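A short worksheet on the structure shown next.
Each ligand, and each atom within it, is numbered from 1 in the order the structure gives. Note that the structure is predicted; figures quoted are calculated from it, not measured.
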Amino acid sequence: MKKLDQLNFENSFARLPETFHSRLRPTPLPEPYLVSFNTDAARLIDLDQGEALSADFAEHFVGNRLMPGSDPLAMLYAGHQFGHYVPQLGDGRAILLGEVKNQAGEAWEIQLKGAGTTPYSRSGDGRAVLRSSIREYLCSEAMHGLGIPTTRALCIVGSDQEVYRESIESAAVVTRLAPSHVRFGSFEVFFYRRQQEQIVMLADYVITRHFPHLADAADKYPRLLGEVVARTARLMAKWQAVGFSHGVMNTDNMSILGLTFDYGPFGFMDAFDPGYICNHSDHEGRYAYDQQPYIGLWNLGCLAQALTPVIPVEEARAVLDTYWPAFGQHYLELMGAKLGLSRVGHEDAALIEGLLDIMQAGRVDYTHFFRALGHFSSTPGEPNAMLRDQFIDRPAFDAWAEAYRARLHGEASEDAERKARMDSANPKYILRNYLAQIAIEKAEKERDFTEVQRLLVLLHRPFDEQPEMAHYAALPPGWAQHISVSCSS
Ligand code: AMP
Ligand code: MG
């Protein structure tokens, strides 16, 4: 395990030409204090957890002091925001310190989000607020706990410096870890600037570092696109299956590695509602829950277009055509696992859709119901009252349950064995908005960060019963309906 000054930073992105980034230092924040430290993420970079106790830990992870070897920069990128191309975005408040290699040989980029203005800040203040930093920190770790690819979060450092949003809030910096922060928009910026050479350099950079098996292939660029298509398709399937909405699926928030990236107004659904919009600023529902798979492909289309200088259009089209089969297959597998089916096929689609239809009609809680479904008794005549009572239209549930029972008998499913499998597919705990909200209010009003830590530990193991924490699996309280989550962060 390493001390802070032994992390051995490198910054391969900094070695790309100046057109790719702007070197700069974070803007200091006064009197930083540690809000939360994530020992799990520290292990990714072999960082000794005792370092979090040192007096200058907060100084380093707020950006006031630099660790040896770090070479901070803001990355350039562009992106399609709500369908419209915005030519220059770039890290307006995130600063990449560099990457740290762990003993297993994996390189993790370390980025401070909220570390001050950059040449790409436009009218922004370069800051992030404590509220949104807690949300990003907890959600990225919750997603990891759920087995969904995501950026990780090492710590949050706060400062009492005021930040002006809809109201006055306080500043914080969340330290993000990812193998790469390259996004679709990192390619788009050079396509629109007609800088073909940069597209080649960036594609080669990504291949060398993240897809080395493609390095010598004659068709390495179409295959790179193929990898991104496959990963994105699987990621969308995972979001849909767990009931997650990202909220701002702009192409600058789409990871080239298929990671869940940039947590803003995200939400986990409570009652099942395909039209669920988690972002109150998304008036047209462009990024509604049921739109995500389509938007995933739309965004890949933007990436494919940006790669047309190195991939013939017909080939790019053929690669994009692999999206729906990959999405459909993975979604089916995931939903089959949620139903406890040991083999799932296209003939099961009606059973899955039939359930989602009656859940939607009855506004049944998505997470709660699937976890409870593990208790389904396949014994004929058994009413399964605990499940049935979650529906208003009970005969509709009974009809579905009959079909489900027949399907289970068809594969000689055994109740106890199936429940064990279902418990590892249906989380008991998710980061509902109200849980995050309680932790945020305690942090903001009382400077009490224990709830953040408690949720972090809880959500790292969302499939485990954790009986002493059962109340965190409760349905949302009435006041939760009034939590408004906007883009403001
Ligand atoms: P986001 O919606 O968080 O993905 O941000 C979109 C773009 O706006 C990115 O280029 C961000 O760096 C930039 N941005 C967001 N908030 C701020 C801020 N407070 N100051 C400067 N830039 C920001
Ligand atoms: Mg972003």
Quick one: side chains of residues 314-325, donor-acceptor pairs under 3.5 Å with protein atoms, not counting sequence neighbours, listed by atom name and distance.
residue, atom, partner, partner atom, Å
Thr322, OG1, Val319, O, 2.5
Tyr323, OH, Pro293, O, 2.6

Any N/O/S atom, side chain or main chain, of Asp262 closer to the Mg ion (ligand 2) than 2.8 Å? yes
Hey, is there an N, O or S on Asn250 sitting under 2.8 Å from the Mg ion (ligand 2)? no
Within the 3.5 Å criterion, strictly below it, is a donor on Ser36 or Gln453 matched to an acceptor on the partner's side chain? yes
Report the C-alpha distance between Asn279 and Val485 in whole Å, list the side-chain angles of each, state the deciding distance to 0.1 Å, and finish with yes or no for side-chain contact (heavy atoms from CB on, under 4.5 Å). CA-CA 6 Å; Asn279 176 359; Val485 182; over 6 Å; no
Kindly say whether the aromatic ring centers of Tyr205 and Phe13 come within a distance under 6.0 Å. yes
Can you list the steps and then say if Arg193 with Gln88 is a side chain to side chain donor-acceptor pair (under 3.5 Å)? CA-CA 10 Å; Arg193 290 183 180 181; Gln88 183 174 306; 3.2 Å; yes
State whether Arg183 and Asp91 are salt-bridged, where the test is any N-O pair (Lys NZ or Arg NE/NH1/NH2 against Asp/Glu carboxylate O) under 4.0 Å. yes
Got a sec: does the NZ of Lys101 have more than 12 other heavy atoms crowding it under 6.0 Å? no
Write down, by chain and number, every protein residue that brings a non-hydrogen atom to less than 4.0 Å from an atom of ligand 1. Tyr77, Gln81, Leu89, Gly90, Asp91, Gly92, Arg93, Ser121, Arg122, Gly124, Asp125, Gly126, Arg127, Arg165, Asp252, Asn253, Asp262
